[in-house]
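Since the structure comes first, as structure tokens, the remarks are kept for the end.
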Amino acid sequence: MTETPANPPTSWPFREAERVAQRLARTEKTHALFETGYGPSGLPHIGTFMEVARTSWIRLAFTKLTGLPSKLLAFSDDMDGLRKVPGNVPQQDMLHRYIGQPLTKVPDPFATHDSFGAHNNARLRSFLDSFGFDYEFASSTEYYTSGRFNDALRAVAAKHDVIRDIIRPTLGPERRANYSPILPLHPRTGVVMQVAIDEVDVDAGSVTWRDPETGVGYETSIFDGAAKLQWKADWAMRWYALGVDYEMSGKDLIDSVRLSSAIVRAMGAEPPETFTYELFLDDKGQKISKSKGNGLSVEDWLNYAPAESLGQFMFASPQRAKRLFFDVIPRATDDYLTSVETLCAGTGVAEDNPAWFIHGGMVPNASGSPVPFGMLLNLASVVNAETPDMLWGFIRAYRPDATPAASPFLARLVDYAVKYYQDFVKPAKRYRAPSEVERAALEDLAAGLAAMPVAAEAEALQTLLYDVGKRHPFASLRDWFSCLYQVLLGQSEGPRFGGFIALYGVAPTINLIEQALSREMVAAD
RNA sequence: GAGCCUGUAGCUCAGCUGGUAGAGCACGAGACUUUUAAUCUUGGGGUCGAGGGUUCGAUUCCCUCCGGGCUCACCA
């Protein structure tokens, strides 16, 4: 039974799912296959997360829309030849000896898996698993060697020249001369050969070619992993063989999508629905690249905010070139909180709400926070939060009902806020050196604090501050408090200081004063 | 050369299927504070890049131009 809601969802995952639904209706399929692909060269990164998350949301929308079964296939191109040795792995010399061979033939430099490819596959899987994604892993090597691609490979061989002519115009003169969609593995060296194919025997399922270095001619089977396909043909063949219904990719692959689709059509099938997303930029508007190391890693993000906020960021405007750098984290987190709030309140169409997707189509019962993340970060900075406990002290003053038990999500945010403060705000602080008058007052304060009981009341501490300030020749008490913030906390403004000391501790505060005074001595030398 | 994104308040950006512009930060004022801050209330500020077109009506759709940026053209 299908309900027809008054306001059908219009969010992009539903628009995409609609296209998949129409494709299935056209092809009379009752099961949708979504694919995401991975280059074997790198480790999982933020783009990997993005692609799987977005595809999963479309899949969720598809399920909601049609009720039909579907699957997400995470396909690793692990048979690809090792092109160059990554600089950040051990055993460089060993790896250099395997250049050109399939990654699943290259020994694992970390010696934890059967091959480098297997190692990377395992990393990919544990990465995806850590987010709880629902997917089926596929290894290109396994698919090739098991013979699963054989029929499709024969179809490619049958259209060899057509496919070659589709790709050729897009190549430079050098590659154009020897291009073939079929790359035989060298029987002696195991290298994936990019050589001219002299002859294609469709019936035998073999190709003949010549080793350009030795001049020796070979006839190689195209089946069972004895050969693989060049990238664009490989993509097309995979779509064809598996019946992929949907795959998204970055705009850098626009041309590949076009050509691979053309190849599938040449083979007499319909290419999947595709979707092109924009690439991320860094804070200066430059493209994010793994090799440059700009931008942001998943680890970075998850260090300072919950995964839900990363999902929120990835949900918004997939076809827009968004800047992805550190400063977007707080906002994404608060955007997420807003999403949860409106979702729980039942405002708007649930299926258009990012939180609905992030929580797998469910309305979370208590994933919100009574205090926005931005405010927590601000507060952490203002009160120099060394520990979550300190932050909680101030939060309780503001929101008596907010406790870790009552707001578990807030508790997570508090931890993140403290970490964010410690790693980014605190190191950037500029501590001013005290003047002579201030120095004397601070020493006076330290002595006064030393005489206080360990568990001094905020009120008593405030009185002490007040007394010390009056005892010294400050133009106004305000100057005295400004001095405390600027010299002790490295900021122009701060919390009520008596309350701060009560939470921070008397002894640590004395330490703070001593540090400030000695810091100035060092600077004076 | 081919293609993509983008140009909305000082800054960073929201504005879904067209109906006289919104948020956060910043700035101004106020409240709470025996000092300050967080917080709260409130105010100012935009010819929505330019010019055409469709429409009763366009920031929102179409075209052109200008500006900003990216991608591909070796490999995947």
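Throughout, protein chains are lettered first and strands after them, A, B, ... in sequence-line order, and every chain is numbered starting at 1. FYI, side chains are in, hydrogens and waters are out, and symmetry mates aren't considered; it's all heavy atoms of this structure. All values reported here derive from a predicted model rather than from experimental measurement.
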Subject >> Minimum side-chain heavy-atom gap A:I222-A:V156 below 4.5 Å >> reply: no
**OP:** Taking the side chain as every heavy atom from C-beta outward, state whether A:W12 and A:F315 have any pair of such atoms under 4.5 Å apart.
**Re:** yes
Euclidean distance for [atom1], [N] against [M] (whole angstrom):
N     : M     : atom1 : result
B:C74 : B:A58 : P     : 47 Å
B:C48 : B:U60 : C1'   : 10 Å
B:U8  : B:G46 : C1'   : 8 Å
B:U47 : B:U6  : P     : 23 Å
B:G44 : B:A26 : C1'   : 13 Å
B:C70 : B:A31 : C1'   : 49 Å
B:A23 : B:A9  : P     : 14 Å
B:C27 : B:C63 : C1'   : 41 Å

Original post:
Which ranges of RNA chain B pair up as stems, where a stem means three or more consecutive Watson-Crick or G-U pairs with both distances under 3.5 Å?
Top reply: B:1-7 with B:66-72, B:10-13 with B:22-25, B:27-31 with B:39-43, B:49-53 with B:61-65
Original post:
Minimum heavy-atom separation for A:L153 to A:M237, with atom names?
Top reply: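 Closest approach of A:L153 to A:M237: CD2-CE, 4.2 Å.
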**OP:** Spell out protein contact along nucleotides 3-10 of chain B as letters: B when the base is contacted, S when just the sugar-phosphate is, - when no protein heavy atom is under 4.0 Å; keep the 5' to 3' order.
**Re:** BBSSS---
Original post:
Is the A:Y304 ring parallel, tilted or perpendicular to the A:Y420 ring (thresholds 30°, 60°)?
Top reply: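 The rings of A:Y304 and A:Y420 stand perpendicular, inter-plane angle above 60°.
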**OP:** Please state whether the rings of A:W235 and A:W231 are parallel, tilted or perpendicular, taking 30° and 60° as the class boundaries.
**Re:**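 Parallel: the ring planes of A:W235 and A:W231 meet at under 30°.
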Original post:
So which one's nearest nucleotide on RNA chain B is more toward 5', A:N378 or A:T463?
Top reply: A:T463
Original post:
Which comes earlier along RNA chain B counting from the 5' end, the contact point of A:F481 or that of A:R15, where each point is its nearest nucleotide?
Top reply: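 Nearest nucleotide further toward 5': that of A:R15.
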Within the 4.0 Å heavy-atom criterion, would you say [X] contacts the bases, only the backbone, or no part of the nucleic acid?
X      : value
A:L484 : nothing
A:R331 : base
A:D327 : nothing

Collect all protein-nucleotide pairs involving nucleotides 26-32 of chain B in which both atoms are nitrogen or oxygen and the distance is under 3.5 Å.
none

Original post:
Side-chain N or O of A:Q230 less than 4.0 angstrom from OP1 or OP2 on B:A76?
Top reply: yes
Original post:
Within less than 4.0 Å of OP1 or OP2 of B:A76, is there a side-chain N or O belonging to A:Q194?
Top reply: yes
Would [X] and [Y] count as a close aromatic pair, with their ring centres under 6.0 Å?
X      : Y      : answer
A:W301 : A:F313 : yes
A:Y336 : A:F409 : yes
A:F75  : A:Y143 : yes

Specify the separation, in whole Å, of atom [atom1] of [X] and atom [atom2] of [N].
X      : N     : atom1 : atom2 : answer
A:I167 : B:C72 : CD1   : C1'   : 14 Å
A:L489 : B:A38 : CG    : P     : 14 Å
A:I263 : B:A76 : CD1   : P     : 12 Å
A:L461 : B:U34 : CG    : P     : 16 Å
A:L103 : B:A76 : CG    : C1'   : 11 Å

So, [X] and [Y]: side-chain donor and acceptor under 3.5 Å apart, yes or no?
X      : Y      : result
A:N121 : A:S76  : yes
A:D78  : A:T141 : yes
A:Q312 : A:E308 : no
A:S11  : A:W356 : no

Original post:
Can A:D234 and A:R238 be counted as an ion pair, charged N to O under 4.0 angstrom?
Top reply: yes
